[in-house]
Amino acid sequence: MSEKAVLVVGAGVSGIQAAIDVANQGIKTYVVEKSPSVGGHMAQLDKTFPTLDCSACILTPKMVDVARHPHIELLTYSEVKDVSGTAGNFTVKIEKKPRYIDENTCTGCGHCAIHCPVEVPSEFDEGIGVRRAIYVPFPQAVPLVYTIDKDACIECELCQNICEAGAVKYDQESEEIEVKVGSIILATGYDLFNANSLRNYGYEVYDNVLSSLEFERLLSASGPAGGHVFRMSDGKIPRRIAFIQCVGSRDPEHGMPYCSRVCCMYAIKNAILAKDHIHGGCETTIYYIDVRAFGKGFEEFYQNAQTRFGVKFVRGKVGEIIEDETTKNLLLRVENTETGELTQEEFDMVVLSSGLIPSQGSMELSKILNVPTDQYGFFEEASRILPVDTKIEGVYMAGVCESVKDIPDGVGQASAAAMRASLKAI
Amino acid sequence: MEEEPRIGVYVCNCGINIGGVVNVEEVAEYASKLPNVAVARSHLYMCSDRGQGMIKDDIDEFKLNRVVVASCSPRMHEPTFRKVVEEKGLNKYVFEQANLREHVSWVHSKQPEEATEKAKDLVRMAVAKARLLEPLPQQMVDVKGEALVIGGGISGLSAAKSIADRGFKVHLIEKTPSFGGKMAQLYKVFPTFDDPQELLNPLIEDVMNHPNIIPYLSSEIADIDGYIGNYRAVIRAQNEEEEKEIEFGTIVVATGFQPYDPTGEFNYNNPNVITLLDLHQLMRDDGPTQGNLVTPADGKPPRSIAFISCVGSRQNENIVPEGKKPNTYCSRVCCTGMIATSMEVKEKSPNTDIFVLYRDLRTHGKGHEELFTDFRETGSTMIRYTDDQLPVVSNNEGAEYPLTVTSYDSLSGLNIEIPVDLVVLATGMIPDDTASQIASKLHITMSADKFFQELHPKLAPLNSVTDGVYLAGCTQGPKDVPDSVSQAFGAAAKACAPMAMGTVEVESTISVINEDYCTGCGVCQGSCEFSAIVFEDKPEGKRVSKVIEALCKGCGTCGSSCPSGAITMLHFKDRQLDAMVRAALLEG
Amino acid sequence: MVEVQEIPKKVEREFEPKIIGFLCNWCSYAGADLAGTSRVQYPPNIRIVRVMCTGRIDPQLILNAFRYGADGVLIAGCHEGDCHYIGGNYRAYRKYLLLKEFLQIMGIDEKRFRLEWVSASEGERFAKVVREMVDDIKEIGPSPLGTITTGGIVEDEGEPKI
């Protein structure tokens with residue numbers, strides 16, 4: 001007899017979709033998410049390719065769905081600590097970390113944050129923006145419940161005094177929850193490759209060299225700059241932006257040998273958005289090896305980027321970035337492989353299209369569950385025709401934790417994982 | 001609706017998407033003064049928890065019975081806001097949405113004043129309709145716990161097995177005499193060089209022996225009608241008189257692809273110019289040469305082979321043969337397929353020189369880049385051509401090599417001539433030839449690339465535009481085996497949801513015929529594509545038309561055809577639409 | 001010295017046509033949405049009424065629109081063969097052809113009444129159609145009907161209201 005429930009670990013867009021598809025079959029679904037809100041990386045994006053949909057707009061209905069679904073129990077700010085048992089009968093221990101806020105009484109009004117005297121870099125804003133010690137990661141967070149970052153908190157108790165709902169509870173402790181499920185779906189997503197290991201690009205050294213996610217936050221209307229793009233060094237508007245592809249990908253020497261699959265498309269998208277957001281014009285150049293515009297509508301998007309939006313494409317891997325000490329502009333040394341010329345181009349801002357690597361959460365879970373991963377840390381599939389089954393029976397996977405993919409593929413795979421998982425929970 | 005309308009109006013900033021152009025506060029202020037508007041507010045993100053909460057609180061406080069949200073397109077968030085009003089006990093059809101983003105701020109971004117005026121007009125129009133909205137009863141239909149899967153390739157097989165394992169009966173129909181589709185024709189499956197038979201055979205055996213699956217080989221759908229939960233089809237086996245009628249609740253379309261036909265391109269009529277799929281069949285042990293790699297024209301092993309990518313894909317007006325419409329899309333799998341196949345050739349025939357002519361090398365999938373790295377160690381030559389200078393394949397009559405491939409290499413800047421024994425065209429995918437028939441039989445639509453259109457590329461990539469019909473595999477667009485299987489399992493999950501629940505909600509905004517005004521002329525029936533209107537004989541001897549509610553899709557064609565004015569289209573009444581037009585032109 | 005103040009002349013406003021657009025939910029409305037997501041710009045003269053299918057459009061609604069002062073009316077539906085309800089767009093086309101003749105007899109130039117097929121992926125095309133209509137109608141001036149605020153036949157639930 002199987003336990004008639006499924007556990008989904010990770011509530012980015014793939015985890016959310018998997019949970020909804022399981023729950024829609026009338027099966028009880030637990031969703032565990034380690035950050036204070038569901039949404040994952042997709043919530044950080046401004047627009048998605050190739051349709052230029054507003055990312056938050058298409059994600060928030062699903063986020064709300066997962067929180068309100070009659071068959072879903074959502075556990076945010078929680079982590080899976082231990083799993084025992086076998087397919088059909090897993091026992092999972094979950095730690096619900098203390099928010100120091102009573103989830104049931106917090107109304108999400110935000111008065112506490114307004115008065116909190118502590119500001120720290122915001123993880124959601126990739127360190128470009130700030131948040132308070134008491135915070136929600138972003139305005140459309142689900143659940144809309146505040147969390148106190150105890151490491152940043154100075155225990156001034158202002159929030160407790162301000163809170164009309166009396167929701168602040170400094171003495172809250174972590175809770176251990178045990179659930180019994182028939183199957184588990186892993187949807188633990190990715191982290192961005194940290195380009196600071198590529199010394200020749202000056203990431204984290206030069207002010208105006210940004211990672212792709214940092215740029216996304218600049219572009220986002222609800223980001224730290226309200227959607228206005230400006231330089232970190234002097235606040236000026238960049239008129240020449242370079243995008244460098246394959247940072248940490250297709251690079252066995254300094255990064256990962258595999259292709260991160262989505263960077264060509266997201267760079268094209270961001271180049272188009274930069275032109276759209278920057279009034280008065282902006283030149284964008286993408287330095288690439290191959291343009292991988294392979295999905296539905298992608299090739300047309302790529303062609304449009306050139307013909308309608310005027311995004312420039314140069315085939316060549318940037319060898320070195322040098323910063324001008326006075327202007328903080330960036331000089332790119334690159335060989336244009338189509339013309340054979342060695343060029344030096346100056347830009348106001350450089351965005352590194354960093355690759356995607358398995359998340360910290362994936363790594364931790366693979367140890368807890370003994371789920372085999374490949375040499376990079378992505379979960380291994382059981383066979384070519386069981387692409388969402390891990391090598392452990394009853395444990396399935398969806399999204400980037402299996403391999404790098406875009407949102408449509410992640411969402412499709414999530415439904416697949418839901419199908420497989422449901423067979424062990426009925 | 002007897003009670004007086006009390007309308008709440010909510011104008012969304014959508015971050016700066018709307019607020020950056022339209023003066024949202026001014027629009028909300030304007031709305032608050034319209035007749036029957038009890039409250040009007042503006043907010044940063046109406047779709048957020050806080051925004052939704054605001055509506056709910058106001059419904060309580062102001063006793064609202066209609067809600068208007070002026071924000072993004074209703075095609076995006078109408079369901080979201082409908083749920084909000086339902087949570088407060090209102091019927092979802094008393095909600096109306098005005099589009100201030102896609103239709104105003106994003107298209108008139110340099111004219112903020114005009115945009116604000118237009119926004120006010122659109123809000124006024126939405127309020128005018130909202131005044132006349134009425135609650136509509138929810139329509140539920142029963143869902144039969146049986147499914148039809150169309151297509152017996154890897155996608156159809158995977159979907160069928162999933163649904164069957166879940167406990168529902170599956171009718172699996174395949175037009176050819178065997179299961180396995182195009183995958184069964186391959187020599188090896190990339191990137192791990194699996195034997196397709198080893199992968200397929202256990203699955204096919206499972207399917208053939210599964211108690212819940214009824215397979216129909218060499219069969220086609222003669223007729224099909226119905227709606228979600230209640231379909232009926234007639235299946236005919238080829239060369240047989242007998243027909244079988246079946247009933248089922250959901251449909252998974254897995255009709256796959258067919259390879260692009262490169263006739264007229266790259267000298268394809270020369271017998272030594274073949275497609276990638278042809279090459280696979282040549283290399284198979286059960287192929288025409290028992291797996292010996294020889295050229296079709298003279299039966300000798302090829303000394304050199306040129307592979308050309310992007311044949312039938314990534315085309316534009318300039319590089320498509322006359323009379324053909326360009327396939328602008330990328331077929332996604334050919335780059336890796338070409339690389340992998342060339343490595344298989346090299347393994348069978350280590351002395352063959354391999355030339356790969358490509359535009360961009362799209363080895364993007366799991367393990368594909370690593371495969372490409374291995375490929376670069378085989379000593380094969382890569383030539384990068386551009387879309388304005390296609391490679392030319394010419395005959396060499398009586399020369400040592402039968403063909404010459406001439407191409408410009410954009411990386412060296414040189415024009416290269418290669419003498420070859422064989423040219424392999426990495427042809428793209430096009431939809432299966434049954435696709436357009438299926439489209440019209442099931443009322444599903446095709447995207448610009450002629451593959452089936454998904455309901456939403458991100459929110460619903462596996463749903464077709466029609467409830468109850470789901471898409472799996474290459475029928476929706478080119479993809480490889482793991483992605484096809486993923487999609488197939490996913491489509492199965494979508495099909496299982498309504499079957500597991502046993503009922504599903506259908507369209508409430510349907511046609512209603514007033515019998516007193518109906519003269520029984522039947523014009524409406526003639527205009528209905530869904531056979532949703534039939535005659536009914538009334539006891540008093542009169543014959544009138546009557547709508548079969550579960551079949552009605554609410555298109556309104558009958559409504560505009562009725563000469564007696566007897567038909568009302570719920571939620572899109574003449575009166576409601578006219579009120580919007582009046583509001584746009586006469587008021588304000 | 002008394003300062004003479006010039007009374008500013010009333011500025012002649014350029015004629016801005018008012019256009020009503022009936023767009024179907026599946027194709028043209030989505031196409032107009034796409035114009036938005038693609039940020040294709042077009043003049044703000046059109047006011048869109050969403051219907052599920054162009055087949056829904058009763059000729060009386062069009063006549064009323066002209067009565068109420070529309071300078072132009074656009075019907076935009078799916079391309080041949082693409083109608084979500086299979087043939088609604090054809091029926092709309094048949095009515096349009098007849099109605100166009102009738103309107104011309106009433107003195108309404110054919111440039112004021114257009115039917116176009118716009119698919120969900122034709123954002124650019126939708127914008128182009130609007131631009132063209134606005135330009136065409138600016139040339140021929142406001143609708144000769146002026147505005148008739150009373151009347152307008154609206155049929156509902158078998159109850160013609162006049």
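Basis for what follows: all heavy atoms, side chains included, without hydrogens, waters or symmetry-related copies. Not measured: the values here are computed from a predicted model. Protein chains get the first letters and strands the later ones, always in sequence-line order, with residue 1 at the start of each.
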Worksheet item: Can you find a heavy atom in the side chain of Val411(A) that is under 4.5 Å from one in the side chain of Val13(A)?
Response: yes
Item to complete: Specify which of Ala500(B), Pro461(B), Ser410(B) makes the most heavy-atom pairs with chain A at under 4.5 Å.
Response: Ser410(B)
Worksheet, complete the sentence: Turns out that what part of Asp194(B) lies under 4.5 Å from chain A's heavy atoms comes down to side chain
Worksheet item: What residue in His364(B), Gln52(B), Arg50(B) has the most heavy-atom pairs under 4.5 Å with chain A?
Response: His364(B)
Worksheet item: Relative to the ring of His69(A), is the ring of His71(A) parallel (under 30°), tilted (30 to 60°) or perpendicular (over 60°)?
Response: tilted
Discussion item. Less than 4.5 Å apart, side chain to side chain, heavy atoms only: is that true for Phe168(B) and Cys496(B)?
Written reply: yes
Worksheet item: Is the Phe49(A)-Phe298(A) ring centre distance short of 6.0 angstrom?
Response: yes
Worksheet item: Given the options Met501(B), Arg314(B), Glu87(B), which has more heavy-atom pairs under 4.5 Å with chain A than any of the others?
Response: Arg314(B)
Item to complete: Give, as side chain, backbone, both or neither, the part of Phe190(B) having an atom under 4.5 angstrom from any heavy atom of chain A.
Response: backbone
Fill in: side chain to side chain contact (heavy atoms under 4.5 Å, CB included) assessment of Met397(A) paired with Glu381(A)
CA-CA 9 Å; Met397(A) 51 189 174; Glu381(A) 66 272 18; 3.7 Å; yes
Discussion item. I'd like to verify something: which residue of Gly413(B), Pro191(B), Ser158(B), Gly53(B) has the highest number of heavy-atom pairs under 4.5 Å with chain A?
Written reply: Pro191(B)
Worksheet item: Ala293(A) versus chain B, heavy atoms under 4.5 Å apart: side chain, backbone, both or neither?
Response: both
Practice prompt. Pick whichever of Gln413(A), Lys405(A), Arg250(A) has the most heavy-atom pairs under 4.5 Å with chain B.
Written response: Arg250(A)
Worksheet entry | Lys/Arg-Asp/Glu bridge criterion (N-O < 4.0 Å) met for Lys83(B), Asp65(A) | yes
Discussion item. Salt bridge or not between Arg75(B) and Glu78(B)? Use side-chain N to carboxylate O under 4.0 Å.
Written reply: no
Discussion item. Using heavy-atom distances under 4.5 Å, tell me whether Glu402(A) contacts chain B through its side chain, its backbone, both, or neither.
Written reply: both
Practice prompt. Check whether Ile154(B) gets within reach of chain A through its side chain, its backbone, both or neither, counting any heavy atom under 4.5 Å.
Written response: side chain
Practice prompt. Below 4.5 Å from any heavy atom of chain B, which atoms of Asn24(A) appear? Answer side chain, backbone, both or neither.
Written response: both
Practice prompt. Mind checking the OG1-CZ spacing from Thr337(A) to Arg315(A)? Nearest 0.5 Å is all I need.
Written response: 4.0 Å
Worksheet item: Is chain A contacted by the side chain of Met183(B), its backbone, both, or neither, given a heavy-atom distance below 4.5 Å?
Response: side chain
Item to complete: Check whether any side-chain N or O of Lys450(B) sits under 3.5 Å from a backbone N or O of Asn327(B) as a donor-acceptor pair, and report yes or no.
Response: no
Worksheet entry | Part of Lys424(A) within contact of chain B (heavy atom distance under 4.5 Å) | neither
Fill in: Most chain B-contacting option - heavy-atom pairs closer than 4.5 Å, from Glu300(A), Arg292(A), Arg420(A), Met63(A)
Arg292(A)
Fill in: Option that, when pairs with chain B are counted at under 4.5 Å, heavy atom only, ranks first among Ile407(A), Asp409(A), Ile385(A), Ile426(A)
Ile385(A)
Fill in: Portion of Lys479(B) that has a non-hydrogen atom of chain A nearer than 4.5 angstrom
neither
Worksheet item: After noting the C-alpha distance and the side-chain angles of Leu52(A) and Asp276(A), does the key distance pass the side chain to side chain contact (heavy atoms under 4.5 Å, CB included) rule?
Response: CA-CA 11 Å; Leu52(A) 294 177; Asp276(A) 179 66; over 6 Å; no
Worksheet item: Side chain, backbone, both or neither: which part of Pro252(A) has an atom under 4.5 Å from a heavy atom of chain B?
Response: neither
Worksheet entry | Steps toward side chain to side chain contact (heavy atoms under 4.5 Å, CB included) verdict (Asp387(B), Asn318(B)) | CA-CA 9 Å; Asp387(B) 65 348; Asn318(B) 304 324; over 6 Å; no
Worksheet item: After noting the C-alpha distance and the side-chain angles of Gln25(A) and Asp21(A), does the key distance pass the side chain to side chain contact (heavy atoms under 4.5 Å, CB included) rule?
Response: CA-CA 7 Å; Gln25(A) 292 189 44; Asp21(A) 279 326; 5.8 Å; no
Discussion item. For the OG1 atom of Thr328(B) and the CD atom of Glu317(B), what is their distance to the nearest 0.5 Å?
Written reply: 9.5 Å
Worksheet entry | Between Gly26(A), Cys259(A), Gly297(A), the one whose heavy-atom pairs under 4.5 Å with chain B are most numerous | Cys259(A)
Item to complete: May I ask you to decide if Phe451(B)'s main-chain N or O and Asp449(B)'s side chain share a donor-acceptor pair within less than 3.5 Å?
Response: yes
Worksheet item: Contact part of His456(B) toward chain A, heavy-atom cut-off under 4.5 Å: side chain, backbone, both or neither?
Response: side chain
Fill in: Heavy-atom pairs under 4.5 Å with chain B, option from Tyr258(A), Phe378(A), Tyr302(A) with the top count
Tyr258(A)
Worksheet item: With respect to chain B, which residue among Ile289(A), Leu386(A), Thr48(A) yields the maximal number of heavy-atom pairs within a distance under 4.5 Å?
Response: Thr48(A)
Worksheet item: Would you say Lys494(B)'s side chain and Ser415(A)'s backbone share a donor-acceptor pair under 3.5 angstrom?
Response: no
Worksheet item: With only heavy atoms counted, which part of Asp374(A) is less than 4.5 Å from chain B, the side chain, the backbone, both or neither?
Response: side chain
Practice prompt. Mind ranking Thr192(B), Thr373(B), Thr386(B), Asn316(B) by heavy-atom pairs under 4.5 Å with chain A and telling me who comes out on top?
Written response: Thr192(B)
Fill in: Per-residue contact mode, Asp406(A) against chain B (heavy atom under 4.5 angstrom)
neither
Worksheet item: Out of Leu462(B), Thr363(B), Asp480(B), which one racks up the most heavy-atom pairs below 4.5 Å with chain A?
Response: Thr363(B)
Worksheet item: Relative to chain B, which segment of Val291(A) carries a heavy atom at a distance below 4.5 Å: side chain, backbone, both, or neither?
Response: both
